[in-house]
Amino acid sequence: MSDCLFCKIVARTIPAPLVYEDDLVVAFDDINPQAPIHTLVIPRKHVVSLAELQDSDAELLGRLLLVGSKVAKLKGIAEPGYRVVVNTGSHGGQSVFHLHLHVLGGRHLAWPPG
Ligand code: 5GP
Ligand code: ZN
């Protein structure tokens, strides 16, 4: 999608600190980190949100979570633990409408979220 920020990061027309990439997904550090480690994992293809996923996206969704786990290992937070968040829609706090996983860690994270 031509006017989507994260599609531009996938296309490398906007720079971002890449952490990992493969044929289906790209991971890069968040520009406004909410924890010492804050990395976003996104599909290369434009999907608006979790709410828009189709049954045919099962492999993509699996890959996103697997890469979230891989990123946590790469960043050294698999132990003592981390959080994966998918903000969805207005009440979910989503601000960029290209599906993304937040991988957050490096400090104790409070629960419940605000
Ligand atoms: P959301 O609020 O949609 O769940 O998360 C969007 C995230 O994208 C936010 O945490 C925000 O800081 C991050 N973000 C927004 N613009 C950019 C950008 O240009 N580069 C990077 N690396 N992250 C961004
Ligand atoms: Zn997009």
Side-chain angles (χ1 to χ4, degrees):
M1 207 193 204
S2 57
D3 61 348
C4 169
L5 174 66
F6 285 179
C7 282
K8 288 177 183 163
I9 287 176
V10 169
R12 305 276 179 92
T13 54
I14 290 180
L18 280 195
V19 172
Y20 175 89
E21 63 180 327
D22 64 25
D23 57 324
L24 293 180
V25 310
V26 175
F28 53 93
D29 287 328
D30 198 290
I31 203 168
N32 182 25
Q34 301 301 310
I37 303 297
H38 187 173
T39 300
L40 302 174
V41 185
I42 73 171
R44 285 188 182 277
K45 81 164 184 174
H46 184 82
V47 177
V48 170
S49 78
L50 210 54
E52 312 290 325
L53 284 172
Q54 309 292 316
D55 287 351
S56 56
D57 291 316
E59 184 191 359
L60 177 60
L61 187 52
R63 184 74 67 83
L64 282 165
L65 276 173
L66 282 168
V67 170
S69 167
K70 199 182 290 278
V71 162
K73 288 181 188 129
L74 285 170
K75 292 285 190 176
I77 56 170
E79 293 293 338
Y82 57 96
R83 184 171 297 164
V84 174
V85 173
V86 186
N87 295 328
T88 304
S90 163
H91 274 195
Q94 186 174 6
S95 63
V96 176
F97 288 88
H98 178 131
L99 176 63
H100 49 281
L101 267 62
H102 296 259
V103 180
L104 297 146
R107 65 170 170 83
H108 185 266
L109 299 164
W111 189 263

A side-chain contact here means heavy atoms from C-beta on lying under 4.5 Å apart; do [X] and [Y] qualify?
X     : Y      : value
Val67 : Tyr20  : yes
Pro15 : Phe28  : no
Lys75 : Asp29  : yes
Ile77 : Val103 : yes
Arg44 : Val26  : yes
Val19 : Leu40  : no

| So which pairs with a foot in residues 104-114 pass side-chain hydrogen bond (donor to acceptor under 3.5 Å, both in side chains), sequence neighbours left out? |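 Found none.
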Ignoring hydrogens, what is the shortest heavy-atom contact between [X] and [Y]? Give both atom names and the distance.
X     : Y      : value
Val48 : Gln94  : O-NE2, 3.0 Å
Ala35 : Gly105 : CB-O, 3.5 Å
Tyr82 : Ser69  : OH-CA, 3.7 Å

Value rounded to 0.5 Å, distance of [atom1] in [X] from [atom2] in [Y]:
X     : Y      : atom1 : atom2 : result
Arg83 : Leu101 : CZ    : CG    : 13.5 Å
Leu18 : Thr39  : CG    : OG1   : 11.0 Å
Leu64 : Leu53  : CG    : CG    : 8.0 Å
Ile14 : Cys7   : CD1   : SG    : 10.5 Å
Phe97 : His46  : CZ    : NE2   : 10.0 Å

| query | Could you walk me through whether His98 and Ile9 pass the side chain to side chain contact (heavy atoms under 4.5 Å, CB included) check? | reply | CA-CA 11 Å; His98 178 131; Ile9 287 176; over 6 Å; no
Hydrophobic clusters here meaning ILVMFWY residues chained together by side-chain heavy-atom distances under 4.5 Å, can you tell me if [X] and [Y] are in one?
X     : Y     : value
Leu50 : Phe6  : no
Val86 : Val25 : yes
Ile37 : Leu65 : yes
Ile42 : Leu66 : no

| field | More than 12 heavy atoms of other groups within 6.0 Å of Asp55 CG | value |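 At most 12 heavy atoms, drawn from other residues, nucleotides or ligands, come within 6.0 Å of this atom.
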| Given Lys45, which of Val10, Leu24, Leu99, Asp57 fulfils the side chain to side chain contact (heavy atoms under 4.5 Å, CB included) condition? |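 Going through the options one by one, the only one that passes is Asp57.
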| said: Treating Thr88 as the side-chain partner and Ser49 as the backbone partner, does any N or O pair qualify as donor plus acceptor under 3.5 Å? | reply: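 The answer is no, because no donor-acceptor pair under 3.5 Å joins these two groups.
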| Does the ring center of His100 lie less than 6.0 Å from the ring center of His102? |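 Distance test on ring centres: under 6.0 Å, yes.
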